[in-house]
Amino acid sequence: MTFTVTPAASQEILAAAERSSAAGMALRVAARQVADGSLEYGMGFDDEREDDEPVEFGGLTVLLGSPSKPLLEDTVLDYVEVAPGRSDFVFIPPREAIVAGDGAAEAPPARSGCGSGGCGSCGG
């Protein structure tokens, strides 16, 4: 399993946890395929469950549940400026997922959002 959280994302998530009542909690990251074939991503602070795979990134524990693992393979979670003065979390799928049938690169349909518990900075 190769899911990656960039240092920028890890730092922002840890800061969000400190600002909320989630300090010391792990971040659950999930993905699911929706009817149109696109992926929908979610994340939120949570407790570890039996089927989780915990992964550490710069002091941040990320929980990956069994159903989401194949969908998150080679995905990167980053925290970037999405508009002037506005930063947000983005899920970057693997290169194979963004090459169109004709070989031209295109962005896959994707939706991101926070799960229950939120992270304090999502969608902001």
Side-chain angles (χ1 to χ4, degrees):
M1 176 72 199
T2 306
F3 173 78
T4 305
V5 178
T6 66
S10 179
Q11 289 172 0
E12 184 59 28
I13 293 163
L14 289 169
E18 288 296 323
R19 291 189 300 264
S20 68
S21 60
M25 290 187 76
L27 180 77
R28 176 171 305 283
V29 176
R32 69 181 178 131
Q33 196 159 22
V34 293
D36 67 2
S38 66
L39 291 178
E40 186 173 80
Y41 299 96
M43 61 186 190
F45 295 108
D46 201 1
D47 295 318
E48 188 172 344
R49 298 179 194 152
E50 190 173 310
D51 71 336
D52 287 338
E53 178 181 335
V55 186
E56 294 285 326
F57 297 98
L60 171 69
T61 300
V62 174
L63 303 174
L64 305 170
S66 293
S68 293
K69 285 181 200 176
L71 299 173
L72 292 169
E73 184 72 35
D74 297 327
T75 298
V76 175
L77 173 60
D78 201 357
Y79 187 73
V80 298
E81 187 172 31
V82 294
R86 182 174 166 253
S87 295
D88 207 345
F89 294 98
V90 295
F91 288 86
I92 305 166
R95 173 86 176 113
E96 296 81 42
I98 61 172
V99 175
D102 61 2
E106 65 178 44
R111 297 177 179 93
S112 65
C114 290
S116 61
C119 60
S121 293
C122 297

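- Using a 30° and 60° split on the angle between ring planes, Phe57 and Phe3 fall in the perpendicular class, above 60°.
- For the atom pair Glu12 CD and Leu60 CG, the distance stands at 11.5 Å (nearest 0.5 Å).
- Here the closest heavy-atom approach between residue Pro94 and residue Thr75 is recorded as CD-OG1, 3.8 Å.
- When only modelled atom types and interatomic distance are considered, Glu81 and Ser87 share no side-chain donor-acceptor pair under 3.5 Å.
- Minimum heavy-atom separation, Pro67 to Asp51: CD-OD2, 3.9 Å.
- If you take CG on Leu72 and OG1 on Thr4, they are separated by 11.0 Å, rounding to the nearest 0.5 Å.
- Within the 4.5 Å cutoff, the side chain of Thr61 has no heavy atoms near those of the Glu48 side chain.
- For the atom pair Asp46 CG and Met25 CE, the distance stands at 6.0 Å (nearest 0.5 Å).
- Counting all heavy atoms, side chain and backbone alike, Leu14 lies closest to Gly58 at CD1-O, 3.5 Å.
- Lys69 and Leu64 make their closest contact through CE-O, 3.5 Å (heavy atoms, listed as atom of the first residue, atom of the second, distance).
- Contact detail for Ala31 and Ser68: the closest heavy-atom pair is N-OG, 3.1 Å.
- The structure places CG of Leu77 at 4.5 Å from CZ of Phe91, a figure rounded to the nearest 0.5 Å.
- Scanning all heavy atoms of the two residues, the minimum distance from Asp78 to Ala8 falls at OD1-CB, 4.1 Å.
- Judged by distance alone, the side chain of Asp52 and the main-chain N or O of Pro54 form no donor-acceptor pair under 3.5 Å.
- Ile13 places a side-chain heavy atom less than 4.5 Å from the side chain of Phe89.
- Looking only at side-chain heavy atoms (C-beta outward), Leu63 and Glu53 stay at 4.5 Å or farther from each other.
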